[in-house]
Structure formats: structure tokens, C-alpha cells
Amino acid sequence: MLTFCNLILLTPNEAKCAAVPFENNTKISKGVLIQAYPVKTISTAALNEGDFVYFINPADLWVYEINVLPKNTYFRGHIEMLKMPIKGINAAMVIRITEIILPDGTIKEIDATVTQNGNTQIGGNLTPPASYNKTVHPREGMYWKRAGVLQYVPSGDYEMGLHITLPTNEPVYIMLNQDYDSKSEDIQIQQMYK
């Protein structure tokens, strides 16, 4: 086992027991964002809740001198929540990642969520107004006697929402919900399809 001594801040008596093991961490901490790309285009127009989706890791992820997540690792997940577009709101989905498939075929368990723009829910934003009404806002004051300002305000009618698409050439980020240990036990392929 590799050891090192930090003798700069230690007295001679403390230096005898100052040998500490070299940092041999194989964990990625909860909350870390890992960049990935969809293997196929993911769209709310073509998927249902429970459908499987795959992402690929474009680069090695190192912790100290250990490659804990090699390049070309696949992330396997499923559509956990799916909402279709309605008038005024775009479609939305939540993708949960449950397995990692390493390049050598090893399968490991993981708990993570796909994020886009910092949100775990992809999409679900409001659509623009479909029309505007003219409204007069009266102004008061020394220079605005009996004058008003004509403004356009939303009529309350909104455009129809659109489907959300994650193309293969745009990165997404996978946020870990729990620590991932690259030395954890492998899972069998039969356990993947529960």
C-alpha cells in the first residue's frame, strides 16, 4: 500500500505515526453532474412512461488516479414521468437513470436523474400568448394631465404547447442522487429488466 508523510506541520514525536494511506477513493459524490449524450433522439411525441432510454459518456471521469467512469460508458434509464403538451404549457418529462453499462460489459447500479438547464423536469415551461389586447393605462402627474399610455397586454389565450426533444448532438447532465462507488458489486443482466 502506498503511503506518504506530511512532515512540514508535525513535531518529531508526531511524525512517527503520521503515515497515512494514499487517497484511494473510487466514489463519485452525490450531486455531481456528469455530461452525457442521448444515444437516440428522445422525444415526448414518441415515448411513454416506463420506456427505456440510453445515454453515452463522452470522456473518462477520473477521481485522483482512478478512472471511475471510462469513456463510452452507457447510462440506462427510463421515463419516470411524462406530460403531453396542452394549451399554454409545453410537454414535460423526468428521466431516471438506474444502471451503468461499462465498456467491458459490466453492469452497475446507480441512482441519478437527467437534468437540463438545472431542472430535473425537462420541459414543462409556459408557451407565449396567442394574442394581445390594447389597454390604456392612465398616467398622473404634472406632465401627464388627462393623458394615457396605450399598451399591449396578453389576452389570456395562449398558444398550444410543443413536444420536447433531446437530440443526439446536444449534451445533457446526469445528476447523482446518491454516491456512486465504482468498486460496488456488479448486477446480473436479469436484474436489469425487472
Side-chain angles (χ1 to χ4, degrees), residues 28-61 68-133 152-180 182 184 186-194:
I28 304 173
S29 300
K30 172 184 175 181
V32 169
L33 297 174
I34 302 168
Q35 185 180 24
Y37 288 86
V39 174
K40 289 184 178 179
T41 300
I42 299 169
S43 175
T44 55
L47 294 171
N48 295 313
E49 282 187 9
D51 286 353
F52 292 114
V53 290
Y54 292 87
F55 299 86
I56 191 165
N57 177 24
D60 292 327
L61 181 63
V68 294
L69 208 57
K71 180 179 179 179
N72 296 329
T73 296
Y74 285 95
F75 297 95
R76 180 180 182 266
H78 64 277
I79 307 293
E80 189 173 60
M81 184 272 299
L82 182 70
K83 291 183 181 176
M84 289 295 149
I86 58 172
K87 196 165 194 172
I89 301 175
N90 291 324
M93 63 181 159
V94 174
I95 301 174
R96 177 63 131 256
I97 303 296
T98 52
E99 287 100 20
I100 288 178
I101 305 167
L102 299 171
D104 65 358
T106 306
I107 304 166
K108 295 193 180 283
E109 201 168 356
I110 191 172
D111 182 13
T113 308
V114 175
T115 65
Q116 190 179 43
N117 301 328
N119 298 321
T120 56
Q121 177 179 300
I122 301 166
N125 47 346
L126 298 176
T127 62
S131 62
Y132 292 87
N133 295 332
Y152 287 96
V153 294
S155 65
D157 189 24
Y158 288 87
E159 293 180 4
M160 184 63 187
L162 302 172
H163 284 283
I164 301 300
T165 302
L166 298 177
T168 57
N169 61 347
E170 288 185 20
V172 295
Y173 291 92
I174 296 173
M175 183 178 69
L176 298 181
N177 298 326
Q178 292 181 350
D179 291 350
Y180 165 72
S182 65
S184 63
D186 302 346
I187 61 173
Q188 301 299 319
I189 198 152
Q190 293 84 7
Q191 293 174 301
M192 276 182 65
Y193 297 102
K194 286 192 219 176

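Numbers here simply count residues along the sequence, with the first being 1. Values below: every heavy atom of this structure, side chains too, minus hydrogens, waters and symmetry copies.
Interatomic distance, Ile122 CD1 to Ile95 CD1, rounded to the nearest 0.5 Å: 4.5 Å. Atom CD in Glu99 sits 13.5 Å away from atom OG1 in Thr106 (nearest 0.5 Å).
Here Ala92 pairs with Lys83, Gln121 under the side chain to side chain contact (heavy atoms under 4.5 Å, CB included) rule; sequence neighbours left out. Taking His163 as the reference, Thr44 meet the side-chain hydrogen bond (donor to acceptor under 3.5 Å, both in side chains) condition, with sequence neighbours excluded. Ala46 pairs by the side chain to side chain contact (heavy atoms under 4.5 Å, CB included) definition with nothing, not counting sequence neighbours. For the side-chain hydrogen bond (donor to acceptor under 3.5 Å, both in side chains) test, no residue two or more places apart in sequence or in another chain qualifies with Thr41. Looking at residues two or more places apart in sequence or on another chain, you find no side-chain hydrogen bond (donor to acceptor under 3.5 Å, both in side chains) involving Thr168. Partners of Asn90 under the side-chain hydrogen bond (donor to acceptor under 3.5 Å, both in side chains) rule, at least two apart in sequence or in another chain, are Asn125. Listed by chain and residue number, nothing satisfies the salt bridge (Lys or Arg N to Asp or Glu O under 4.0 Å) test with Glu49 (two or more places apart in sequence, or in another chain). Ala130 meets the side chain to side chain contact (heavy atoms under 4.5 Å, CB included) test with Asp157, Glu159; sequence neighbours excluded. Listed by chain and number, the residues in a side chain to side chain contact (heavy atoms under 4.5 Å, CB included) with Asp60 are Trp62, Asn67, Pro70, Lys71 (sequence neighbours excluded).
For the pair Tyr180/Leu69, a side-chain contact is recorded, criterion being any heavy-atom separation below 4.5 Å from C-beta on. Side chains of Ile100 and Leu102 form a contact here, defined as non-hydrogen atoms less than 4.5 Å apart. With contacts defined as side-chain heavy-atom distances shorter than 4.5 Å, the pair Asn57/Asn72 does not qualify.
Evaluation of the side chain to side chain donor-acceptor pair (under 3.5 Å) test over residues 169-179, restricted to residues two or more places apart or in two chains, returns Asp111-Asn177, Thr113-Asn177.
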